[in-house]
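What's counted below: heavy atoms across the whole structure, side chains too, no hydrogens, waters or symmetry copies. A note on names: the letters A, B, ... follow the listed sequences, proteins ahead of strands, and every chain is numbered from 1.
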Protein chains: 2
Amino acid sequence: MIKVVIADDHPLLREGLRRILEFEEGIRVISEVGDGQGAINIARSTPFDILLMDLNMPGVNGLEACRVIRRERTEIGIIVLTVDDSDEKIFQVLQLGVAGYLLKDVIPKTLVDSIRKVYAGEPILAPSVTGKLLGQLTSSNTPKNNFGLSNREMEILAYVVKGSSNRDIGISLFISEKTVKNHLSNIFRKLEVEDRTQAALKAVKLKLVQLD
Amino acid sequence: MIKVVIADDHPLLREGLRRILEFEEGIRVISEVGDGQGAINIARSTPFDILLMDLNMPGVNGLEACRVIRRERTEIGIIVLTVDDSDEKIFQVLQLGVAGYLLKDVIPKTLVDSIRKVYAGEPILAPSVTGKLLGQLTSSNTPKNNFGLSNREMEILAYVVKGSSNRDIGISLFISEKTVKNHLSNIFRKLEVEDRTQAALKAVKLKLVQLD
DNA sequence: TCCCTTATCAGCATAATTTCCTAATTGTGC
DNA sequence: GCACAATTAGGAAATTATGCTGATAAGGGA
């Protein structure tokens, strides 16, 4: 039996969810709460499996409640159920380690399936959320603008990001330290920075070189 | 009609996939290829919608083929279909902007559903892949080990990561440059690095300080 | 109280970095 | 051929950074 708790400040929506879930085999809604504090309280006092959590609630909001509950009751699978599709909150919530993120326009069947899957240990994301995650990955490696750095300059910049000194870079590339310095001066000018530290950080920030 | 191309070096698996898909309404396998180059060639010569791509293929591998096809034919939705669940490749592939990543143990129904969803613009990930993505998010904010750095040292390290010089740090914190240097020496020793660049990079790498 | 850490400042010596200058060679494109 | 960029190298000088030692003061804990 999967024990479910619903946390949402809209009584109508709670009622709707409860009615959807109460006819499902093996699923039982054991409680409903109307705010984040209520969710925290029940998580502390009662064992259950799945928490359907709205983010926008009065008082202690869903985000804070998630943070507390994730810390205190790691065994509870939290499924965020929200209308909020905006970028800022999504990543904040996902970083907390929630097990699912669904939008409120899901069809009942998807919701029920998701509850079962989360109970089985599978993470669940709404397609648009998956898209945002992937989008972040792909957009993050679009240097595009490599500031007109030549191949050699990129190579040297990579060594700077590895923490090499000018001398070491020269030895590694079989060129004189003087040449390294010249390249670096050009790199600094092109990246619009003053020293190797700023260059290294900017290179990492702009993904010109991989930090690893 | 969703036009599908299968790229896999195992004839048996290709045949199996084709038989699964050929009875589906609205889906037609228009071609099969056995290596990455073949996938690239057909993508260049023939319009189609979905490419089921194995990663481990002889010659031009799936990863390279994905890269080329993604660049030349953005309208083709690539679904990576592989046994490879290892961490390194997953992120490389996802960064290319593939539309789906499934493991070869999927049931036929899931595969068909996934093709339809990708065709409709939805991204598709195997649960374990979603888990890895989420795991990366949550694990990324665990500094924990601050290497015994004191508050003041952390503060100074933050300035280093901003690209400040010793003089600038001194001015900002209303202390002498000498003091800054002393703190830095201690920081270098504790972080086990030789200079400010390595310290800044290590701080970023270990999330001791936020880069931005 | 004594010891340790932290934070502050300083001097000295050395090393590393950075800038500015010139200049040769090579390859690419017009 | 000519112009231009990339790569290479060197000289000279200024600036910055680093290591080491020493010193003072405040605060916490055994």
| query | Got a donor-acceptor pair under 3.5 Å from the side chain of A/Asn182 to the base of D/dA9? | reply | yes
Taking C/dT18, D/dA12, C/dC9 as options, the one with an atom nearest any side-chain atom of B/Ile175 is C/dC9
Taking atom types as modelled, find out whether A/Ser165 and A/Asp168 have a side-chain donor-acceptor pair closer than 3.5 angstrom. yes
From CD of A/Glu194 across to C1' of C/dT18 the rounded distance in Å is 11 Å
To the nearest angstrom, the CZ-P distance between A/Arg167 and C/dT18 comes to 14 Å
Taken to the nearest whole Å, CG/A/Asn166 to P/D/dT18 is 13 Å
Against the side chain of A/Ser185, the closest entry in C/dT17, C/dT19, D/dT18 is C/dT19
Separation of C/dT8 atom C1' from B/Arg152 atom CZ, nearest Å, is 9 Å
Taking for B/Ile156 and for A/Lys181 the nucleotide of DNA chain C with the nearest heavy atom, the one nearer the 5' end belongs to B/Ile156
- Message: With a 4.0 Å cut-off on N to O distance, would you call B/Asp8 and B/Lys104 a salt bridge?
- Response: yes
### Message
Side chains of B/Gln37 and B/Asn41: any donor to acceptor distance under 3.5 Å?
### Response
yes
B/Arg196 CZ to C/dT18 C1', in whole Å, measures 14 Å
- prompt: In terms of heavy-atom contacts, does CG of B/Asp105 have more than 12 from other residues, nucleotides or ligands at under 6.0 Å?
  reply: yes
Here the distance between atom P of D/dT16 and atom CD of B/Glu177, to the nearest Å, is 8 Å
Taken to the nearest whole Å, CG/A/Asp168 to C1'/C/dA16 is 11 Å
Whole-Å distance, A/His183 NE2 to D/dA5 C1', equals 12 Å
**Q.** Sugar-phosphate only, base, or nothing, as touched by A/Ser150 at under 4.0 Å among non-hydrogen atoms
**A.** sugar-phosphate
Would you say CZ of A/Arg189 has more than 12 non-hydrogen atoms from neighbouring residues, nucleotides or ligands within 6.0 angstrom? yes
Next on the checklist: Considering every strand and a 4.0 Å limit on heavy-atom distances, what is the contact class for B/Thr179: base, sugar-phosphate, or nothing?
Outcome noted: base
